*Asks:* 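Got a structure for you, questions after.
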Amino acid sequence: MSLIRLRSAHDREILRLAVPAFGALIAEPVYLLADSAIVGHLGTPQLAALGLAGTALQTLVGVFVFLAYATTASVARHLGAGDRRSALAYGIDGLWLALGLGVLLALVGTLAAPAVVSAFGPSSQVHEFAVSYLRVAVLGMPALLLTFAGTGVLRGLQDTRTPLWIAGASYVGNVVLNVLFVYGLHLGIAGSALGTVLAQTAGAVALVVVVVRAARRYDAPLRPDLTGIRASAHAGVPLIVRTLTLRAALLVTAYVATSFGDVPLAAHQVAFTLWNTLAIALDAIAIAGQAIVGRYLGGSDVAGTRAATRRMMEWGVGAGVVFGAVVVLARPAYVPLFSADPAVQALLAQAVLVFACFEPVAGIVFVLDGVLIGAGDGKYLAYAGLVTLVAFLPLALLVYAAHAGLLALWWAFGGFMVARFATLAVRARGDAWLVTGAGAARR
């Protein structure tokens, strides 16, 4: 990011929102990175199990990321229209929806953990470890979804610093608790999951307290409003479809990696976690895009929306180039941290070279995705997600059928990112997404 000079009127606003969002966004993948480093030294089966459980967990949670995205867009639009009380009322509805969904997911996830892991077809040893981790980790669903919704409210209010401080404190607590439970109390892979759940719960409580205080300040209602909760859920349906297509592509990728054996699966777990960390880091600019575009369109400023979008795309490309270079150059430093197995290290070092090539493309993809979410263009994103998934599946199935290996799988995934770029760029060039008004984010 620093390679781009502050020459645009939008740069300071983008930085003000994106830099703190960067820190908050990477908290979740950093949880997994810390888990990978700690669990990886328990053994290769444990690391492979974490890969499967982590993929399943992220899929489950990722479906409900609309709690952050839709909330950000709607709150920002109301803020742009000058109605802070309605913005906070919408945010409170999102918190109630998140709590209800989180409790339901925790109950279902605990019961379904063995079947979910079995669907990947792992070895018996990996299966046992993965179920152990997943059954504990799903207990954190209410906290994770509340974190999504609370963070979305604050982003919509143009505050990305508070989520940063809370996420940072949660991360420190996560590392301390993981080390204590895994090595101090010898709880193994389940101890890693328990430490993460406790840290996430503390962070969620802190976010809810901040939002509730703001709602009281502007006399926004705190009780559950069934009409508002239904409206929040309805606004998230297209984003759920969009997210399901993304998660389906990632699940297919994990399934194919599993078919190659424990060593490729372990290497894929770390490579995917690194990719996800950088992807979400790039999404920091997209988060700024959600907040800025939502506010501009809420205030009927179409010209400002266009100008900010162009500038954020430039930042996305620059960030992607920097991240890709760091991934390549820093391999000797980080690869040995995740496994003592030389075979895993060698394969991981090659896999990260492949995904580094697509980081500039990913930078644009994440920015445009955030811009269109901020515009409330969920229906198009849902359709575009289906198109890109259909384009990716033949590539993944070809790699699977030919048993072409992990590197070929990552090249196929790069094709998926190129397909996403094409669908988003076409939409951004048109005017259909530039809908103004405070209520447009619910369309």
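This structure is a prediction, so every number in the text was calculated from the model and none was measured.
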*Asks:* Could you measure the distance from the OG1 atom of Thr245 to the CG atom of Leu386? Nearest 0.5 Å is fine.
*Replies:* 6.0 Å
*Asks:* Is the closest side-chain heavy-atom distance between Tyr255 and Leu251 below 4.5 Å?
*Replies:* no
*Asks:* To the nearest 0.5 Å, what is the distance between OG1 on Thr423 and CG on Leu372?
*Replies:* 9.0 Å
*Asks:* Any side-chain heavy atom of Tyr69 sitting closer than 4.5 Å to one from Thr243?
*Replies:*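 No - every pair of side-chain heavy atoms lies 4.5 Å or more apart.
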*Asks:* Are Val211 and Ile92 close enough, and set up right, to give a side chain to side chain contact (heavy atoms under 4.5 Å, CB included), and what steps lead you there?
*Replies:* CA-CA 8 Å; Val211 173; Ile92 292 296; 4.0 Å; yes
*Asks:* Of all the heavy-atom pairs spanning Gly289 and Met312, show the shortest one and how long it is.
*Replies:* CA-SD, 3.4 Å
*Asks:* Quick check on Arg161: does its CZ atom have over 12 non-hydrogen neighbours (other residues, nucleotides or ligands) under 6.0 Å away?
*Replies:*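 Atom CZ in Arg161 is not crowded, with 12 or fewer foreign heavy atoms closer than 6.0 Å.
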*Asks:* Do the rings of Phe355 and Trp410 sit parallel, tilted or perpendicular, given the 30° and 60° boundaries?
*Replies:*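 The arrangement is tilted - the two ring planes meet at 30° to 60°.
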*Asks:* What residues form a side-chain contact (heavy atoms from CB on, under 4.5 Å) with Asp219, not counting sequence neighbours?
*Replies:* Arg85
*Asks:* Does anything in residues 363-390 pair up under ring-ring contact (aromatic ring centres under 6.0 Å, His included), and if so which pairs, sequence neighbours excluded?
*Replies:*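 The answer is none; no pair qualifies.
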*Asks:* Do you know which two heavy atoms are closest between Ile285 and Ala319, and how far apart they sit?
*Replies:* CD1-CB, 4.2 Å
*Asks:* Can you see which heavy atom on Gly109 is nearest to which on Val138, and at what distance?
*Replies:*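 For Gly109 and Val138, the tightest heavy-atom pair comes out as C-CG2, 3.9 Å.
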*Asks:* Looking only at heavy atoms, what is the nearest atom pair of Lys379 and Pro238, with distance?
*Replies:* N-CB, 3.7 Å
*Asks:* Angle class for the His268/Phe272 ring planes (parallel below 30°, perpendicular above 60°, tilted otherwise)?
*Replies:* parallel
*Asks:* At what distance, to the nearest 0.5 angstrom, does OG1 of Thr72 lie from CZ of Arg295?
*Replies:* 13.0 Å
*Asks:* Taking side chain as C-beta onward, heavy atoms only, is Val270 less than 4.5 Å from Thr273?
*Replies:*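 They are not in side-chain contact.
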*Asks:* Might you confirm whether atom OH of Tyr400 has over 12 heavy atoms from other residues, nucleotides or ligands at distances under 6.0 Å?
*Replies:* no
*Asks:* Quick check: does any side chain N or O of Trp96 sit under 3.5 Å from a backbone N or O of Leu222, one acting as donor and the other as acceptor?
*Replies:*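 Looks like yes, one N/O pair under 3.5 Å.
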*Asks:* Let me confirm one number: the CG-OG1 distance from Leu434 to Thr309, rounded to the nearest 0.5 Å.
*Replies:* 7.5 Å
*Asks:* Measure from the ring center of Phe358 to the ring center of Trp411 and say whether it is less than 6.0 Å.
*Replies:* yes
*Asks:* Heavy atoms only: give me the nearest Gly415-Leu395 pair and the separation to one decimal.
*Replies:* CA-CD1, 4.5 Å
*Asks:* Show, in sequence, the C-alpha distance, side-chain angles and deciding distance for Leu15 and Trp315, and conclude whether the side chain to side chain contact (heavy atoms under 4.5 Å, CB included) test is met.
*Replies:* CA-CA 10 Å; Leu15 281 173; Trp315 279 85; 3.8 Å; yes
*Asks:* Hey, does Leu198 have a side-chain heavy atom less than 4.5 Å from the side chain of Phe181?
*Replies:* yes
*Asks:* Are Val352 and Val328 side-chain neighbours, meaning at least one heavy-atom pair lies under 4.5 Å?
*Replies:* no
*Asks:* Given side chains that start at C-beta, do those of Leu50 and Tyr133 come closer than 4.5 Å, heavy atoms only?
*Replies:*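 Yes. Closest side-chain heavy atoms under 4.5 Å.
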*Asks:* Test side chain to side chain contact (heavy atoms under 4.5 Å, CB included) on Thr305 and Trp433; report intermediate values, then the result.
*Replies:* CA-CA 11 Å; Thr305 301; Trp433 59 281; 3.8 Å; yes
*Asks:* Quick check for you: to the nearest 0.5 Å, what is the distance between Arg135 atom CZ and Leu111 atom CG?
*Replies:*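 Between atom CZ of Arg135 and atom CG of Leu111 there are 8.0 Å.
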*Asks:* Please find the pair of heavy atoms, one from Arg16 and one from Gln158, that lie closest to each other, and give the distance.
*Replies:* NH1-O, 3.1 Å
*Asks:* Any donor and acceptor pair, going by atom type alone, linking the side chain of Asn178 with main-chain N or O of Asn174 inside 3.5 Å?
*Replies:* yes
*Asks:* Hey, are the side chains of Phe148 and Thr71 touching, using non-hydrogen atoms and a 4.5 Å cut-off?
*Replies:* no
*Asks:* Do Ile373 and Leu239 touch side chain to side chain, with heavy atoms closer than 4.5 Å?
*Replies:* yes
*Asks:* I'd like to know if Arg311 and Glu13 make a salt bridge, using a cut-off of under 4.0 Å between side-chain N and carboxylate O.
*Replies:* no
*Asks:* Are the charged groups of Arg427 and Asp369 less than 4.0 angstrom apart, N to O?
*Replies:* no
*Asks:* Leu282 and Glu359: side chain to side chain contact (heavy atoms under 4.5 Å, CB included), yes or no, with the steps?
*Replies:* CA-CA 9 Å; Leu282 289 171; Glu359 284 301 294; 3.6 Å; yes
*Asks:* Name all residues meeting the side-chain contact (heavy atoms from CB on, under 4.5 Å) criterion together with Thr151; count only those two or more places apart in sequence or in a different chain, and write none if there are none.
*Replies:* Thr147, Arg155, Pro163, Leu207
*Asks:* Got a second to check how far Leu274's CG is from Gln269's CD, nearest 0.5 Å?
*Replies:*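 Those atoms lie 9.0 Å apart.
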*Asks:* Among Thr388, Leu398, Val252, exactly one meets side-chain contact (heavy atoms from CB on, under 4.5 Å) together with Leu393. Which residue is that?
*Replies:*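 When Thr388, Leu398, Val252 are each tested with Leu393, the side-chain contact (heavy atoms from CB on, under 4.5 Å) holds only for Val252.
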*Asks:* Do Tyr296 side-chain atoms and Arg306 backbone N/O form a donor-acceptor pair below 3.5 Å?
*Replies:* no
